Each structure stands twice: as C-alpha cells, then as structure tokens.
Amino acid sequence: MDLITLTGLRVRGNHGVFDFERRDGQDFVVDVVLGLDLRPAADSDDVADTVHYGELASRLAEVVAGPPVNLIETLAQRLVDACLADPRVARATVTVHKPQAPIPLTFTDVSVTMTGTR
C-alpha cells in the first residue's frame with residue numbers, strides 16, 4: 001500500500017469540554033496518512049487519479065473549523081471519516097494535536113491518533 005502524508009495542518013477550532021474553549025477557540029494541528037494505490041496516478045501523471053492533497057487539506061480544515069465537539073477523539077473520527085469518503089483511500093490514520101490544551105502543567109503536546117479502514 002502506498003502512502004500520502006499531510007503533516008502539520010494548523011486550523012482554529014472551538015472544541016473542548018470547557019466553555020472557554022468553545023468560546024475562545026484554539027489551534028489544532030492535524031497529521032494524516034492515507035493508504036491507497038498510487039500506481040494509477042503514477043502511470044497517468046494525472047492529479048485526477050490520486051487524492052489531491054490541497055483539496056484534502058481544505059476538507060479537513062472545514063471539519064476542524066466546523067461544529068464544536070467535546071473530545072478530540074470525536075474530532076479525529078470525523079477527520080478519518082472525511083478521508084475515507086474518497087473511495088480510493090483504503091486506510092486513513094489521523095492524529096489531532098491540541099498543543100494549547102487546558103493542562104495546568106508544562107507540556108509540549110497532547111494528541112489522539114485514530115485509524116480507519118475501508
């Protein structure tokens with residue numbers, strides 16, 4: 001299985017269990033790895049035969065900026081579902097990072113990774 005990887009997509013969203021998170025919003029960072037057969041695109045040299053990563057990024061950004069959810073687990077599942085909406089994608093692994101999570105300690109990142117398959 002071949003891979004397309006999109007790393008570090010930063011989008012503002014209003015997700016979280018606390019009122020201030022939904023009110024003020026924060027940045028979320030999304031990493032995606034798609035598993036699919038890239039031979040048709042390699043043979044044709046036509047973007048129509050692959051997942052257009054610019055369009056993918058736009059779809060994912062719409063999900064992150066869309067209706068708020070409490071958990072980044074829910075957000076990650078919505079992003080996996082958006083990836084699998086393309087019938088060429090056999091597997092999608094999505095990591096949602098919440099670097100500004102409301103944790104009263106010093107930390108670098110909090111993330112959730114989910115994988116979906118066709």
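Hydrogens, waters and symmetry mates are skipped; everything else that's a heavy atom, side chains included, is used. Please read all numbers here as calculations on a predicted model, not as lab measurements.
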Are [X] and [Y] linked, directly or through other ILVMFWY residues, by side chains that come within less than 4.5 angstrom of each other?
X	Y	value
Leu84	Val64	yes
Leu34	Tyr53	no
Val33	Leu38	no
Val29	Val94	no

Closest heavy-atom contact between [X] and [Y]?
X	Y	value
Phe28	Gly13	CE1-O, 3.6 Å
Leu3	Gly35	CD2-CA, 4.0 Å
Val47	His52	CG2-CD2, 3.6 Å
Arg12	Asp24	NH2-O, 3.1 Å
Asp49	Ala41	O-CB, 3.5 Å
Ala90	Met1	CB-CE, 3.8 Å

Before you tell me yes or no, could you show the steps for Val11 and Val30 under side-chain contact (heavy atoms from CB on, under 4.5 Å), namely the whole-Å CA-CA distance, both residues' side-chain angles and the distance that decides it to 0.1 Å? CA-CA 8 Å; Val11 182; Val30 176; 5.8 Å; no
Answer whether the closest heavy-atom distance between the side chains of [X] and [Y] falls below 4.5 Å.
X	Y	result
Gln26	Glu21	yes
Val32	Leu79	no
Leu56	Cys83	yes
Val80	Gln77	yes
Leu71	Val17	yes
Thr50	Ile4	yes
Thr93	Thr113	yes

Please round to the nearest 0.5 Å and tell me the distance separating atom [atom1] of [X] and atom [atom2] of [Y].
X	Y	atom1	atom2	value
Arg23	Phe18	CZ	CZ	12.5 Å
Leu75	Lys98	CG	NZ	9.5 Å
Leu36	Asp2	CG	CG	6.5 Å
Arg59	Asp86	CZ	CG	6.5 Å
Met114	Arg78	CE	CZ	12.0 Å

Got a donor-acceptor contact below 3.5 angstrom from the [X] side chain to the [Y] backbone?
X	Y	result
Arg91	Gly116	no
Ser58	Gly54	yes
Ser44	Asp46	yes
Arg118	Val89	yes

Would the number of heavy atoms belonging to other residues, nucleotides or ligands and lying under 6.0 Å from CG of Asp45 be above 12?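 Check fails, neighbour count at 12 or below.
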Compute whether any side-chain donor of one residue and acceptor of the other, for His97 and Asp31, lie under 3.5 angstrom apart.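 Per modelled atom types, His97 and Asp31 side chains form a pair under 3.5 Å.
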